[in-house]
Amino acid sequence: MRFRAKVVDIGCIEQFTRVVSTIAKMTPLCVLRLTVNRMYFILNDKVAKGGIWCELTASNFFDEYRMEGLSEEANEIYLEITPDDIVRAMKTAQNAKSIKVKLTKKFSPCLTFDIELPSRTGHSRNVVHDVPVNVIPKSIWNEYSEPTVPDFDVSICMPPLKSLRNVVERMKNLGSYLELSANQNGEMRLRVETEQVTVSTHFKDLEIPEWVNEGSETQTQGRQPDEMVGARVDIRRFLQFLAGQQLNPPKIICNIVDNRLIHFFLLQEDISMQYSMPIVQQ
């Protein structure tokens, strides 16, 4: 197996750092899947309570990208990584002239980041970080397949993240759990209910997305457009998701399966990310 990539553009370096930082905020451990032209960050929801699927097109980030997988028939590489280790490596690359990333074998398999820094003397300075990884055997690759868009009861575009964060920050002092609900009239409600108090915040006139994916369906038959559908989540886990969004995507779609699932779909020009929020049963 071989992997080697190089990035020169400072904007691409910053964007890639934001992607990995966002992943690191949501999970301490995930799988990096490398294919011929794409890179994926995956958290299997069977391993942890919640799931992540982040897909990047390599040509949008890297000037050079070469990968040779396990074999011609299985031309992919799966690596278990700690995203925060990559974030620490990338912090030294804020003003880098270039970054080379390659899969190496040292004391253990590593992703080696060779960062070329500018120098006032005219001589290049290089900082090298070896990030340990675990190679995932082919026998369990199928556990990290792309998730399907769930058959949802309600699909709605989220309000601006800054507004949501401000509300949830205040609600976390009132209780441990939050109910997120919405309807097909473009209304969303956040509610915290305890024995002493019930507090709710309402958002109106939100966009209802149009799904063209043949694999996605709604279950709105028999439901009135103003009927609220929701699920209960850990309020700190929800705030962690909101606070971790350093990508500032122009649109986040929230799909809700009544009392069973909340699924977020982040849309950006060069990034696709899905996140399934763990549900707390009442």
Say you draw a straight line from [atom1] of [X] to [atom2] of [Y]; how long is it, rounded to the nearest 0.5 Å?
{"X": "Leu43", "Y": "Ser276", "atom1": "CG", "atom2": "OG", "result": "9.5 Å"}
{"X": "Phe3", "Y": "Arg66", "atom1": "CZ", "atom2": "CZ", "result": "12.0 Å"}
{"X": "Arg170", "Y": "Arg165", "atom1": "CZ", "atom2": "CZ", "result": "12.5 Å"}
{"X": "Leu266", "Y": "Met158", "atom1": "CG", "atom2": "CE", "result": "9.0 Å"}
{"X": "Ile115", "Y": "Thr92", "atom1": "CD1", "atom2": "OG1", "result": "3.0 Å"}
{"X": "Asp9", "Y": "Glu14", "atom1": "CG", "atom2": "CD", "result": "8.5 Å"}

Are [Y] and [X] co-members of a hydrophobic cluster defined by side-chain heavy atoms under 4.5 Å apart?
{"X": "Val8", "Y": "Val128", "answer": "no"}
{"X": "Ile140", "Y": "Ile77", "answer": "yes"}
{"X": "Ile10", "Y": "Val87", "answer": "yes"}
{"X": "Val36", "Y": "Val7", "answer": "yes"}
{"X": "Ile253", "Y": "Met228", "answer": "no"}

Where is the tightest heavy-atom contact between [X] and [Y], given as atom of each residue plus distance?
{"X": "Val229", "Y": "Ile256", "value": "O-CD1, 3.7 Å"}
{"X": "Asn75", "Y": "Gly69", "value": "OD1-N, 2.7 Å"}
{"X": "Asn255", "Y": "Ser155", "value": "OD1-OG, 2.7 Å"}
{"X": "Cys12", "Y": "Asn60", "value": "SG-O, 3.6 Å"}
{"X": "Met171", "Y": "Val199", "value": "CE-O, 3.9 Å"}
{"X": "Ile99", "Y": "Met90", "value": "CD1-CE, 3.7 Å"}

Measuring only between side-chain heavy atoms, which start at C-beta, is [X] closer than 4.5 Å to [Y]?
{"X": "Cys254", "Y": "Ile262", "value": "yes"}
{"X": "Asn126", "Y": "Leu117", "value": "no"}
{"X": "Leu32", "Y": "Val133", "value": "no"}
{"X": "Val154", "Y": "Gln184", "value": "yes"}
{"X": "Lys6", "Y": "Phe62", "value": "no"}
{"X": "Asn259", "Y": "Ile279", "value": "no"}
{"X": "Ile42", "Y": "Cys30", "value": "no"}
{"X": "Phe203", "Y": "Leu190", "value": "yes"}

Please check this pair: side chain of [X] against backbone of [Y], looking for a donor-acceptor N/O pair closer than 3.5 Å.
{"X": "Thr57", "Y": "Ser59", "result": "no"}
{"X": "Arg125", "Y": "Pro118", "result": "yes"}
{"X": "Arg38", "Y": "Leu34", "result": "no"}
{"X": "Asn185", "Y": "Glu187", "result": "no"}
{"X": "Thr82", "Y": "Asp85", "result": "no"}
{"X": "Asn183", "Y": "Asp226", "result": "yes"}
{"X": "Trp53", "Y": "Ser145", "result": "no"}
{"X": "Gln274", "Y": "His263", "result": "no"}
{"X": "Ser71", "Y": "Ala74", "result": "yes"}

Non-neighbouring partners of Asp130 that pass salt bridge (charged side-chain N to carboxylate O under 4.0 Å, His left out), sequence neighbours left out:
Lys106

Among residues at least two apart in sequence or on other chains, which ones pass salt bridge (charged side-chain N to carboxylate O under 4.0 Å, His left out) with Lys97?
Glu116

Please lay out, stage by stage, how Ile136 and Trp141 fare under the test side-chain contact (heavy atoms from CB on, under 4.5 Å).
CA-CA 7 Å; Ile136 303 295; Trp141 284 8; 4.1 Å; yes

Do the two ring centres, one from Phe265 and one from Tyr275, sit under 6.0 Å apart?
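For Phe265 and Tyr275, the ring centres are not under 6.0 Å apart.
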
Are Tyr144 and Tyr40 an aromatic pair by the rule of ring centers under 6.0 Å?
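Centroid separation for Tyr144 and Tyr40: 6.0 Å or greater.
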
Give the C-alpha distance, both sets of side-chain angles, the deciding distance and a yes or no for side-chain contact (heavy atoms from CB on, under 4.5 Å) between Arg2 and Leu103.
CA-CA 6 Å; Arg2 296 181 180 179; Leu103 183 61; over 6 Å; no

Answer yes or no: are there more than 12 heavy-atom neighbours, outside [X] itself, under 6.0 Å from its atom [atom1]?
{"X": "Asn95", "atom1": "CG", "value": "no"}
{"X": "Asp205", "atom1": "CG", "value": "no"}
{"X": "Glu146", "atom1": "CD", "value": "yes"}

Tell me every residue that passes side-chain contact (heavy atoms from CB on, under 4.5 Å) with Ser200, counting only those two or more places apart in sequence or in another chain.
Arg189, Arg191, His202

Give me the ring orientation class for Phe16 and Phe41: parallel if the planes are under 30° apart, tilted from 30 to 60°, perpendicular past 60°.
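Tilted.
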
Thr112 versus His129, side-chain donor and acceptor atoms under 3.5 Å
no

Tyr177-Arg232 side chain donor-acceptor pair, cut-off 3.5 Å
no

Given side-chain contact (heavy atoms from CB on, under 4.5 Å), test Met277 with Arg237 step by step and report yes or no.
CA-CA 8 Å; Met277 178 74 67; Arg237 190 72 176 265; 3.9 Å; yes

Does Glu64 come within less than 4.0 Å of Arg4, counting only side-chain N to carboxylate O?
no

Apply side-chain contact (heavy atoms from CB on, under 4.5 Å) to residues Ile86 and Ile81 and explain how you reach the verdict.
CA-CA 8 Å; Ile86 298 179; Ile81 64 168; 3.7 Å; yes

